[in-house]
Amino acid sequence: MADDAFARTLLAWHARHGRHDLPWQTPDPYKRWLAEVMLQQTTVAAAIPYFTRFTERFPDVATLAAASLDDVLALWAGLGYYARARNLHASARLIMTRHGGAFPRTLAAWTALPGIGPSTAGAIVAFAFGVRAPILDANARRVLRRFHGIEGQGTLVTQRLWEHARAHLPRTRIAAYTQAIMDLGALVCRARPNCPVCPLAATCAFEGEAPAVSARTRPERQAVMMLVHRRRGREVLLLRRPPKGIWGGLWSLPECAVLSDVPTRLTELGIDGLVGAPGTPLRHVFTHFALTITPVPVALRPRSCRARANGDIMWHPGGAPAPGVPAPVKRLLNQFW
DNA sequence: AAAACGGGGAT
DNA sequence: ATCCCAGTTTT
């Protein structure tokens, strides 16, 4: 059966108007894997500098597998969704042990790795090996939804979209086609679409946006972060966060819910310090809640701290290479020094 | 089936 | 301020 008009039209459009100069546009499976993981819920522009640093520091899967999780998280810090970095590191080790350092070529083998779902696996095998696999990222989802006039959400709608994604796949030129549907979504069929320049406009079912759903309010949360410093502010105490949950495995500041809890929290940590005046609160907005962080300086009394540096506690000197800290903590530290 | 997960960029 | 993004995992 011949490729359908959808695929032929997209491929023709992509040759002239698609992206051809992204740093990960090579058949190298390592680069494709790294890029696809970085691009989960992340824009191309945000990912590029991280991709460049990563491939310089960890040029291949063996190097990545041999690195410490701390080094990987430090390079990932600021990109968000830190579970991706933990999964990437775990996957690198699995590729070394389970696959002898050779990248698998099947969808099933890729989805068996942590952090790799059906869409990411499809993109990797399509780009790296030309395997005829569909993707359903945000771009493909939006293009297919509009082209086929599919509204609503839920598992049933997602199933239908996957069926369309599979049905449109051409027999050849899979990598170019996969790039084409992504590019159409990113460059033309955006949230606010540019239908007049769209190659699919003549056969597209899209008629206009559904009425916008009312924005739900984000819960507000509060936290106090302590800047416990010694040596006249030259070093600040960092604690490693638990491996699971928000900012898992990253370094952060000692924390408590409200200002009145500060003395108790310091006692728990074995710290005898002079609590200073709270600084300007910092607001940090997440997907599903907003956090207002009140920074409090704490000057450590000489020879009073039982908090010794170990694998989960660090006295961080201002000038040293940045460890993996979440973005708002980085801002607090920069503001402190 | 729904919730959880982070932060940057566009509008 | 709000929306969106080369989605997957956990509950």
When we call it a touch if two heavy atoms are under 4.0 Å apart, what does [X] touch: a base, just sugar-phosphate, or nothing?
X	value
Ala327(A)	sugar-phosphate
Ala45(A)	nothing
Leu22(A)	base
Trp33(A)	nothing

side-chain N/O [X] vs [N] OP1/OP2, d < 4.0 Å:
X	N	value
Tyr82(A)	dG7(B)	yes
Thr155(A)	dA1(B)	yes
His284(A)	dG6(B)	no
Thr120(A)	dT8(C)	yes

Rounded to the nearest Å, what distance is computed from the [atom1] atom of residue [X] to the [atom2] atom of nucleotide [N]?
X	N	atom1	atom2	value
Leu34(A)	dA6(C)	CG	P	17 Å
Arg84(A)	dT9(C)	CZ	P	13 Å
Trp247(A)	dG6(B)	CH2	C1'	9 Å
Met38(A)	dA6(C)	CE	P	16 Å
Leu136(A)	dA6(C)	CG	C1'	11 Å
Leu291(A)	dG7(B)	CG	C1'	13 Å
Leu39(A)	dT8(C)	CG	C1'	15 Å
Gln41(A)	dG9(B)	CD	P	16 Å

[X] side chain, from C-beta outward: closest of [options]:
X	options	result
Met182(A)	dA6(C), dG7(B), dG7(C)	dA6(C)
Arg192(A)	dA6(C), dC5(B), dT11(B)	dT11(B)
Pro326(A)	dG7(B), dG6(B), dT8(C)	dG7(B)
Arg190(A)	dG8(B), dG6(B), dA10(B)	dA10(B)
Gln40(A)	dG7(C), dT11(B), dG6(B)	dG7(C)
Glu36(A)	dA6(C), dG6(B), dT11(B)	dA6(C)
Asn139(A)	dA10(B), dT8(C), dA6(C)	dA6(C)
Arg331(A)	dT11(B), dG6(B), dG8(B)	dG8(B)

On DNA chain C, compare the nucleotides closest to Gly185(A) and Leu113(A); which residue's is nearer the 5' end?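 Result: Gly185(A).
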
More 5' along DNA chain C: Gln25(A) or Pro114(A), using each one's nearest nucleotide?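 The answer here is Gln25(A).
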
Will you find, in the side chains of Ser119(A) and Arg141(A), an N or O donor that is under 3.5 Å from an N or O acceptor?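 Side chains of Ser119(A) and Arg141(A): no pair found under 3.5 Å.
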
Taking NZ, NE, NH1 and NH2 as the nitrogens, is one of them in Arg265(A) or Glu268(A) under 4.0 Å from a carboxylate oxygen of the other?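 Salt bridge present between Arg265(A) and Glu268(A).
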
With nearest nucleotides of DNA chain B determined for Leu79(A) and Leu156(A) from heavy-atom distances, which residue corresponds to the more 5′ nucleotide?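 Looking at DNA chain B, the more 5' nearest nucleotide goes with Leu156(A).
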
Using the P atom as the reference point in each nucleotide, state the distance between dG6(B) and dT10(C) in Å, no decimals.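 dG6(B) and dT10(C) have their P atoms separated by 13 Å.
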
For dA4(B) versus dA6(C), give the span between their P atoms, rounded off to a whole number of Å.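 Going atom to atom, P in each nucleotide, I get 24 Å.
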
Relative to each other, are the rings of [X] and [Y] parallel, tilted or perpendicular (30° and 60° limits)?
X	Y	value
Trp110(A)	Phe103(A)	parallel
Trp33(A)	Tyr30(A)	perpendicular
Trp24(A)	Phe51(A)	perpendicular

Give the minimum heavy-atom separation between Cys256(A) and Met226(A), together with the two atoms involved.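 So the two residues come closest at SG-CE, 3.7 Å.
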
Closest heavy-atom pair and its distance - Ala67(A), Val72(A):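 Nearest pair, atom of Ala67(A) first, then Val72(A): CB-CG2, 4.3 Å.
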
